[in-house]
Amino acid sequence: MQPLLDFGFMWEVVPDLLRVVPLTLQITAVSLALALLVGLATALIRIYRTPVLSQLAAVYVSFIRGTPLLVQIYLAYYGLPKLLAWLGERYGWNVDVAGIPAITFIYFAFTLNVGAYSSESIRAAIQAIDKGQLEAALSIGMTPWQGMRRIVLPQALAVALPSIGNTAISLVKDTSLAFLVSVVELMGEAKILGARGLQFFEVYIVVALIYWVICIGIERVVAVLERRVRRFEGMQPA
């Protein structure tokens with residue numbers, strides 16, 4: 001009888017899988033950083049009801065929330081090169097569409113996806129802060145942006161951080177979709193190794209454990225950050 005698991009093979013693929021972990025973390029970090037900027041901008045546009053932009057932001061959030069991430073990745077991967085080629089032909093731009101790395105489209109798709117979801121978390125966090133604090137900041141001579149940056153946003157960060165942590169964990173797992181457009185990250189490498197030895201079950205067990213460890217690490221980092229940003233709670237303008 002064959003053993004249920006080939007532990008020797010599982011141990012053998014660990015170095016190959018760990019080799020691509022930095023790429024998975026890179027996709028997560030870059031996409032999350034850009035997405036938070038998009039989310040903050042979208043949240044502020046909707047809070048202050050900026051004409052035209054507010055309506056566009058609402059459509060953007062609704063579209064992203066109403067379509068699967070996989071479809072968004074395909075739209076970015078197949079649609080952006082076509083759009084760039086069309087713009088290049090129309091306006092005489094010299095755009096090497098074929099030379100754009102596939103990971104660029106992954107960054108684009110993940111940024112828009114996470115940006116839409118995080119904008120809702122950020123918007124709710126900002127609106128949870130007492131408006132009187134911003135009014136107090138304005139009364140002592142701060143500009144609206146200074147009051148927002150120095151008084152409101154630090155407290156909103158404390159409120160939104162748990163949600164942002166969950167988003168980061170979800171993003172780590174979503175990076176497994178990048179292999180569908182030829183980006184060989186952790187899941188992509190697992191599929192290649194599994195096909196090579198026809199031992200998919202063993203490889204997927206190892207890759208699941210690696211994802212788990214990464215997510216535990218993110219949970220620990222978020223917990224530390226939560227403790228640090230709590231000092232902003234209840235902040236009053238000086």
Side-chain angles (χ1 to χ4, degrees), residues 25-67 69 72 75-76 80 104 106-172 174 215 217-238:
L25 296 178
Q26 176 186 316
I27 294 173
T28 303
V30 172
S31 300
L32 183 62
L34 295 175
L36 291 178
L37 294 177
V38 172
L40 176 61
T42 304
L44 292 176
I45 286 172
R46 297 190 70 183
I47 288 172
Y48 290 106
R49 303 182 186 278
T50 307
V52 182
L53 292 180
S54 179
Q55 287 78 9
L56 291 176
V59 172
Y60 154 61
V61 172
S62 176
F63 176 78
I64 293 296
R65 297 174 69 180
T67 54
L69 175 57
Q72 295 161 19
L75 285 176
L80 275 181
T104 304
I106 289 297
Y107 287 142
F108 184 81
F110 284 167
T111 295
L112 291 186
N113 179 273
V114 178
Y117 283 99
S118 61
S119 72
E120 292 298 277
S121 301
I122 294 171
R123 186 161 68 104
I126 291 175
Q127 290 179 327
I129 306 305
D130 185 2
K131 292 181 180 178
Q133 295 194 33
L134 182 58
E135 293 170 357
L138 298 178
S139 69
I140 61 173
M142 288 188 183
T143 64
W145 171 241
Q146 285 176 329
M148 180 65 68
R149 180 173 59 83
R150 297 172 61 177
I151 304 299
V152 177
L153 289 182
Q155 296 180 80
L157 176 62
V159 177
L161 194 54
S163 176
I164 293 173
N166 289 333
T167 299
I169 289 174
S170 296
L171 185 54
V172 168
D174 287 341
C215 290
I218 292 176
E219 288 175 355
R220 298 291 174 84
V221 171
V222 171
V224 172
L225 291 176
E226 278 188 63
R227 285 197 294 272
R228 293 192 175 185
V229 299
R230 275 179 193 153
R231 68 178 187 271
F232 296 121
E233 292 180 341
M235 174 186 291
Q236 299 291 331

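Below, each value reflects all heavy atoms present in this structure, side chains not excepted, and no hydrogens, waters or symmetry copies.
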Atom pair [atom1]/[atom2] of [X] and [Y] - distance to nearest 0.5 Å:
X: L161; Y: T167; atom1: CG; atom2: OG1; answer: 10.5 Å
X: L44; Y: R49; atom1: CG; atom2: CZ; answer: 13.5 Å
X: R220; Y: I218; atom1: CZ; atom2: CD1; answer: 12.5 Å
X: I164; Y: I169; atom1: CD1; atom2: CD1; answer: 12.5 Å
X: L112; Y: L34; atom1: CG; atom2: CG; answer: 10.0 Å

Looking only at non-hydrogen atoms, find the nearest pair between [X] and [Y] and report the distance.
X: I126; Y: V152; answer: CG2-CG1, 4.1 Å
X: Q26; Y: Y107; answer: NE2-OH, 2.6 Å
X: N113; Y: Q72; answer: ND2-OE1, 2.8 Å
X: G165; Y: V222; answer: CA-CG2, 3.7 Å
X: A76; Y: F108; answer: CB-CD2, 3.9 Å
X: G39; Y: I122; answer: C-CD1, 3.8 Å

Tell me whether [X] contacts the main-chain N or O of [Y] through its side chain, where contact means a donor paired with an acceptor under 3.5 Å.
X: E226; Y: P162; value: no
X: S62; Y: A58; value: no
X: S54; Y: P51; value: no
X: Q155; Y: I151; value: yes

Please check if any side-chain donor atom of S119 sits under 3.5 Å from a side-chain acceptor atom of T42, or the reverse.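 No pair is found: no donor N or O on one side chain lies under 3.5 Å from an acceptor on the other.
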
Evaluate side-chain contact (heavy atoms from CB on, under 4.5 Å) for R46 paired with E120, printing each intermediate quantity in order. CA-CA 10 Å; R46 297 190 70 183; E120 292 298 277; 3.0 Å; yes

I'd like to know whether L40 forms a side-chain contact (heavy atoms from CB on, under 4.5 Å) with L153, so could you lay out the CA-CA distance, the side-chain angles of the two residues, the decisive distance to 0.1 Å, and finally the verdict. CA-CA 10 Å; L40 176 61; L153 289 182; 4.1 Å; yes

Got more than 12 heavy atoms from elsewhere within 6.0 Å of CZ, R149?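 Buried by this count: over 12 neighbours within 6.0 Å.
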
How far apart are the C-alpha atoms of Y60 and V38, what are their side-chain angles, what is the distance that settles it, and do they pass the side-chain contact (heavy atoms from CB on, under 4.5 Å) test? CA-CA 11 Å; Y60 154 61; V38 172; 3.5 Å; yes

So if I apply the side-chain contact (heavy atoms from CB on, under 4.5 Å) rule between S31 and each of D174, L171, L36, which one comes out positive? L171

L69 and F110: CA distance, side-chain angles, deciding distance, side-chain contact (heavy atoms from CB on, under 4.5 Å) verdict: CA-CA 8 Å; L69 175 57; F110 284 167; 3.7 Å; yes

